[in-house]
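Since the structure comes first, as structure tokens, the remarks are kept for the end.
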Protein chains: 2
Amino acid sequence: MRIGELAARTGVSVRSLRYYEEQGLLTSTRSAGGQRHYTDAEVERVAFIQHLYAAGLSSRTIVELLPCVDSPSHDNSDAAMERMAQERDRLSAHIEKLQHTRDALDALMAANQAHRDTPRANCSAMAASFV
Amino acid sequence: MRIGELAARTGVSVRSLRYYEEQGLLTSTRSAGGQRHYTDAEVERVAFIQHLYAAGLSSRTIVELLPCVDSPSHDNSDAAMERMAQERDRLSAHIEKLQHTRDALDALMAANQAHRDTPRANCSAMAASFV
DNA sequence: CTTGCCTCTCACATGAATGTCAGCTTTTAG
DNA sequence: CTAAAAGCTGACATTCATGTGAGAGGCAAG
């Protein structure tokens, strides 16, 4: 398929797909006229990339992990494994912080709700729960 | 305290603190000479702001929620409550996606580990778990 | 062949938060 | 009082993923 179709299937813009290739995240074969062609497998790969982006990994980091996905071997696995473990831990820490923040938002909402019933509730105190 | 001390206490750069003020997230009193002065309460407030930033809220969004924290009243609570509920839900969805991504990273690592033991394991298949 | 749609490259723009530099003023320590 | 340290404003730079537009070429249908 050509780039337009891949874009339509993945919901990622044509511009971004070309950017991914530029960053080494995606490869394509070229037609005689120079147009990019992709296989169905690339749809999955783009989804994969999107998930990692959503997890806060930069293209630079993703490109370090991809060799393991593409061709698992000892040479690249050593570096990639360490990187993955590192990113996994960062992700775990991030998730915990987000949960904490969500809890605080909940508390803030509850405090506001309380204020409606009892005008003397103090929302500001909630800010303390963030520290 | 002056801006340098607030920066030191919060770990946020002086530049950022001035930016927060510019965005309406933070206020300060000024000395006769024009220098910003803060109370201890601002330390908490900056931490609060940082948490919301980390949760992916933009300064524009944060500024919408702050009135509720500052002076809870019906006028602003209606809008702010809705905004908070909305952001809370967005945050929940994001957390779930991150957990999913973390699981996938774990699977990828496990597959690589398996490859070390049994060279025929296929890491690429793991990408499918993202879709 | 021609028309219309898709694609190509190159390059500049955007937004958000922050960095950095310059030139000047305020505050503090000795 | 004087010098060092810290602050002020204003403006331009940076990073990253993406948007956007220009100008040219590819490719399938009529």
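Heavy-atom basis, side chains included; hydrogens, waters and symmetry copies ignored.
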For a quick check of understanding: with a heavy-atom distance under 4.0 Å over all strands, which category does B:Arg30 fall into, base, sugar-phosphate or nothing? sugar-phosphate

Presence of B:Arg36 side-chain N/O under 4.0 Å of D:dT9 phosphate oxygens OP1/OP2: yes

Decide whether A:Tyr20 and A:Glu42 meet the rule of one side-chain donor and one side-chain acceptor closer than 3.5 Å. no

Counting side-chain heavy atoms from C-beta on, which of D:dC8, D:dC12, D:dA17 comes nearest to A:Tyr53? D:dA17

Under 4.0 Å from OP1 or OP2 of C:dT18: is there any side-chain N or O of B:Tyr20 that close? yes

Could you verify whether a donor N or O on one side chain and an acceptor N or O on the other, from A:Thr27 and A:Glu21, lie under 3.5 Å apart? no

Could you give the distance from CZ (A:Arg83) to CE (B:Met109), rounded to the nearest 0.5 Å? 12.5 Å

Generate the contact string for nucleotides 24-30 of chain C. Rules: B means base contact, S means sugar-phosphate contact only, - means no protein heavy atom under 4.0 Å. --BSS--

At less than 4.0 Å, is any side-chain N or O atom of A:Ser58 found next to OP1 or OP2 of D:dA17? Yes or no. no

Look up atom CD in B:Glu64 and atom CD in B:Glu87, then write down how far apart they are to the nearest 0.5 Å. 8.5 Å

Does a distance-only test, which skips hydrogens and angles, find a donor-acceptor pair under 3.5 Å between the side chain of B:Arg15 and the base of C:dT20? yes

Please state how far atom CG in B:Leu25 lies from atom C1' in C:dA16, giving the value in whole angstrom units. 12 Å

Contact under 4.0 Å: B:Ser16 side-chain N or O vs C:dA17 OP1/OP2: no

To the nearest angstrom, how far is B:Leu6 atom CG from D:dC8 atom P? 11 Å

Does A:Thr10 use its side chain to pair, donor to acceptor, with the backbone of A:Leu6 at less than 3.5 Å? yes

Quick one: B:Met1 CE to D:dA6 P, roughly how many Å, whole number? 16 Å

In whole angstrom, give the distance that lies between atom CD of A:Glu22 and atom C1' of D:dT18. 12 Å

Would you kindly give the OH-to-P distance between B:Tyr38 and D:dG7, to the nearest whole Å? 10 Å

For D:dC16, does either OP1 or OP2 sit under 4.0 Å from a side-chain N or O belonging to A:Ser59? no

A:Gln50 has a side chain; which of D:dC12, D:dA17, D:dT18 sits nearest to it? D:dT18

Grab the CD-P distance between B:Glu21 and D:dT9 for me, whole Å please. 8 Å

Distance-only, no hydrogens or angles: does the A:Arg9 side chain make a donor-acceptor pair with backbone N or O of A:Gly4 under 3.5 Å? no

Report yes if a side-chain nitrogen or oxygen of B:Tyr19 is closer than 4.0 Å to either non-bridging phosphate oxygen (OP1 or OP2) of C:dA17; otherwise report no. yes

Rounded off to whole Å, could you give me the CG-to-C1' distance for the A:Leu57 and D:dA17 pair? 14 Å

Protein-nucleotide distance (A:Glu5, atom CD; D:dA28, atom P), rounded to Å: 14 Å

Answer yes or no: are there more than 12 heavy-atom neighbours, outside B:Arg60 itself, under 6.0 Å from its atom CZ? no

Donor-acceptor pair present, B:Arg18 side chain and D:dT9 base, under 3.5 Å: no

Aromatic rings B:His100 and A:His51: how do their planes relate, parallel, tilted or perpendicular, breaks at 30° and 60°? perpendicular

